[in-house]
K.L.:
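One structure, as structure tokens, below. Some questions next.
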Amino acid sequence: MSAPGGELRSASLAMVSTAESQGLGGVVSAAESQGPAGVVSAAEVAATVTDPELPMVTLAELGILREVRQTGDGVEVTITPTYSGCPAMEAIRADLLRALRRAGYENAGVRTQLAPAWTTDWISAEGRAKLAAAGISPPGPAPRRAAGPVPLRLGAREEPIACPRCGERQTERLAAFGATACRELRRCPACREPFEHVKEI
Amino acid sequence: MSFDDAYQALTDHDDDARWAYGTGFADPLAGVPTTLPEGVDGADLAAYCLMIADDALILSHRLQQWVTRAPELEDEMAIANIALDLLGQARLLLTRAGEAEGAGRDEDDLAYLREAADFRHVRLAEVRDDDFGHLIARLLVFATWRLALLDRLSASRDPVLSAIAAKGVKEVTYHREYAAGWTVRLGDGTPLSRQRMQAGLDAVWPLIDELFEPHPIEQRLTGVAVDPASLRPEFDAVLAQVLAAATLDAPAPGSATRDAPASGSATRDAPVSGTATHEEAALGKTPGRDGRHGGELAEILSEMQGLARATPGGVW
């Protein structure tokens, strides 16, 4: 750990506005959830934890962190998994608990909430901007469908996906599955660079 | 905990947990209410969860066997990703099965410590792939069927099953799209790719009817389970759409090639290769759901369970 507690705390305070801008429904106010450290609320601490596979964005920005609640004698964090088999979920739980412990919240638990299922529509505007800055094209709107069977799409998709490097609007898909469950691999015909795109789900 | 680069993030930890994804798993349903819906028999719900968990678990294992063998790196990643999604679904469903059963078994007990006859997957999940065309045909059939199933299951009266299914719908939509895309490429490709894609379809065709045969447990779980017979129209429509685009023919009923196995299947055991009418009758209409499997399952289980049985409770 390179950041001692003091640094972590100030970094956390800087994230307060981010946590608020996520509109996390049940996030408690700093006053309500003051831990033994006295300054940083549990919600603020949880809002600083980054994704293990996409360390440029926080779990809050990805919409994985759903709620931070003060319970009788501790803190309960609620997360919604992205993909059923995502192996990062274990690391995410551990990272959240570790961050809370370091901030003085010894009695913290992480709860899984499966419904409603995670959707890329929950990735915040700030999260999308950070993904794009890192060269990962953020997802478009998640598919919506009318009642009835899920339609099968054969052939190329219609909505254009822009290149995160040069902004070229028409890019092509190389592979529907990438280095992690949530990304696909594409390439740009203009700048000739491959890039990753977060799949809409 | 905000980092300038990924390497800093990776080294910012005081333990080795992140270098060993895959050990010491926590309960994947941690914090999800475990109560059963009113009027639902726990044993029936457990048996039903096992059915759809085992479909995913066993096919996931078959898909994992393709890793390092796929024709291209992109397909290797696709197959591994699909296997991972199915494994995740299996973990959630096995955990739910253990809760409904109420005997204290967790996902690992159910995956690693059951005998072959206690597995409840359809035979389509366990058969060996002869080649990539066979794999794609099997994946097309499986994903089309499972997507229709999960879509309806997301309205289940069991809130846990409903949530697992709704999540799975998003994943299996991609699986079906992948298999359909390859079916079209191979079918509408060269004479050789077309021939091998058609051979794959012919090989999996005899295993399709089992997918839509209602089991007594499914019939008893009204409002909780899905009647598989109700999935057939959607399945037939999607297969027709894909085969038309691929310029392939649906094998005629009874035209199965199971008495002429392709290369690599010489050791395929009954019931998959069973051809005699009395053998079929003895198997019943839902052999997989009743725990009647071929020798191919023994091969899968010896690989999948060997380490867990050799070192009970072991983690690393």
Side-chain angles (χ1 to χ4, degrees), chain A residues 1-3 8 11-12 14-15 45 48-56 58 76 78-79 81 83-91 93-95 98-99 109-119 134 142-143 148-150 152-155 174-181 184-185 199 201, chain B residues 1-3 5-6 8-15 17-18 21-22 24-26 28-32 74-75 77-78 80-89 91-92 144 147-148 151 159-160 162-164 166-171 173-174 176-178 180-181 184 234 237-238 241-242 245:
Chain A
M1 175 62 192
S2 56
L8 176 68
S12 304
M15 295 298 291
V45 174
T48 63
V49 178
T50 54
D51 182 87
E53 298 278 4
L54 298 167
M56 71 294 285
T58 64
E76 183 184 77
T78 301
I79 57 171
Y83 284 74
S84 300
C86 181
M89 295 315 296
E90 308 295 340
R93 283 174 218 275
D95 288 352
R98 189 180 295 114
V110 178
R111 196 175 72 88
T112 307
Q113 181 176 304
L114 291 180
W118 184 78
T119 162
V150 181
L152 171 63
R153 184 179 65 195
L154 287 173
L174 285 176
F177 297 87
T180 66
E184 68 175 41
L185 195 58
K199 290 189 277 195
I201 70 165
Chain B
M1 281 234 220
S2 197
F3 303 101
D5 66 70
Q8 190 192 349
L10 284 170
T11 51
D12 178 69
H13 287 83
D14 40 22
D15 64 45
R18 70 185 41 235
Y21 278 170
F25 280 133
L29 287 177
V32 175
E74 287 79 2
D75 292 293
M77 296 211 301
N81 267 295
I82 293 170
L84 186 61
D85 286 341
L86 291 175
L87 188 61
Q89 293 174 18
R91 289 187 59 202
L92 295 166
T144 302
L147 180 55
D151 193 27
V160 182
S162 157
I164 296 170
K167 194 163 184 48
V169 164
K170 300 175 182 224
E171 296 159 2
T173 298
Y174 274 100
R176 185 183 68 172
E177 193 182 305
Y178 172 78
V184 173
E234 176 181 334
V238 171
Q241 180 194 354
V242 177

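Below, chain A is the first sequence line, B the second, and so on; all start at residue 1.
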K.L.:
Tell me which of these, A:V150, A:L174, A:V110, has more heavy-atom pairs under 4.5 Å with chain B than the rest.
P.N.:
A:V150
K.L.:
Output the distance between atom NZ (B:K170) and atom OH (A:Y83), rounded to the nearest 0.5 Å.
P.N.:
9.0 Å
K.L.:
State whether A:E90 and B:R91 are salt-bridged, where the test is any N-O pair (Lys NZ or Arg NE/NH1/NH2 against Asp/Glu carboxylate O) under 4.0 Å.
P.N.:
yes
K.L.:
When rounded to the nearest 0.5 angstrom, what is the spacing between NZ in B:K167 and OG1 in A:T119?
P.N.:
10.0 Å
K.L.:
Need one label for B:Q241: side chain, backbone, both or neither, based on atoms under 4.5 Å from any heavy atom in chain A.
P.N.:
both
K.L.:
Just so I understand: if I count every heavy-atom pair under 4.5 Å between each of A:A176, A:C86, A:P149, A:G148 and chain B, which residue has the most?
P.N.:
A:P149
K.L.:
Tell me, do A:T112 and B:L29 make a side-chain contact under 4.5 Å, heavy atoms counted?
P.N.:
no
K.L.:
Side chain of B:D85, backbone of A:S84: donor and acceptor closer than 3.5 Å?
P.N.:
no
K.L.:
Does any part of the side chain of A:Q113, heavy atoms only, come nearer than 4.5 Å to the side chain of B:V32, both counted from C-beta?
P.N.:
no
K.L.:
Name the region of A:P81, side chain, backbone, both or neither, that has any atom closer than 4.5 Å to a heavy atom of chain B.
P.N.:
both
K.L.:
Less than 4.5 Å to any heavy atom of chain B: does that hold for the side chain of A:A179, its backbone, both, or neither?
P.N.:
backbone
K.L.:
Check whether any side-chain heavy atom of A:I201 lies under 4.5 Å from a side-chain heavy atom of B:Y174, and answer yes or no.
P.N.:
yes
K.L.:
For A:L114 and B:A163, which heavy atoms make the closest approach, and how far apart are they?
P.N.:
CB-CB, 3.6 Å
K.L.:
With a 4.5 Å cut-off on side-chain heavy atoms, are B:L147 and A:L152 touching?
P.N.:
no
K.L.:
Heavy-atom distance under 4.5 Å to chain A: side chain of B:L92, backbone, both or neither?
P.N.:
side chain
K.L.:
How long is the gap from CZ on B:R176 to CZ on A:R153, to the nearest 0.5 Å?
P.N.:
11.0 Å
K.L.:
Less than 4.5 Å to any heavy atom of chain A: does that hold for the side chain of B:A148, its backbone, both, or neither?
P.N.:
neither
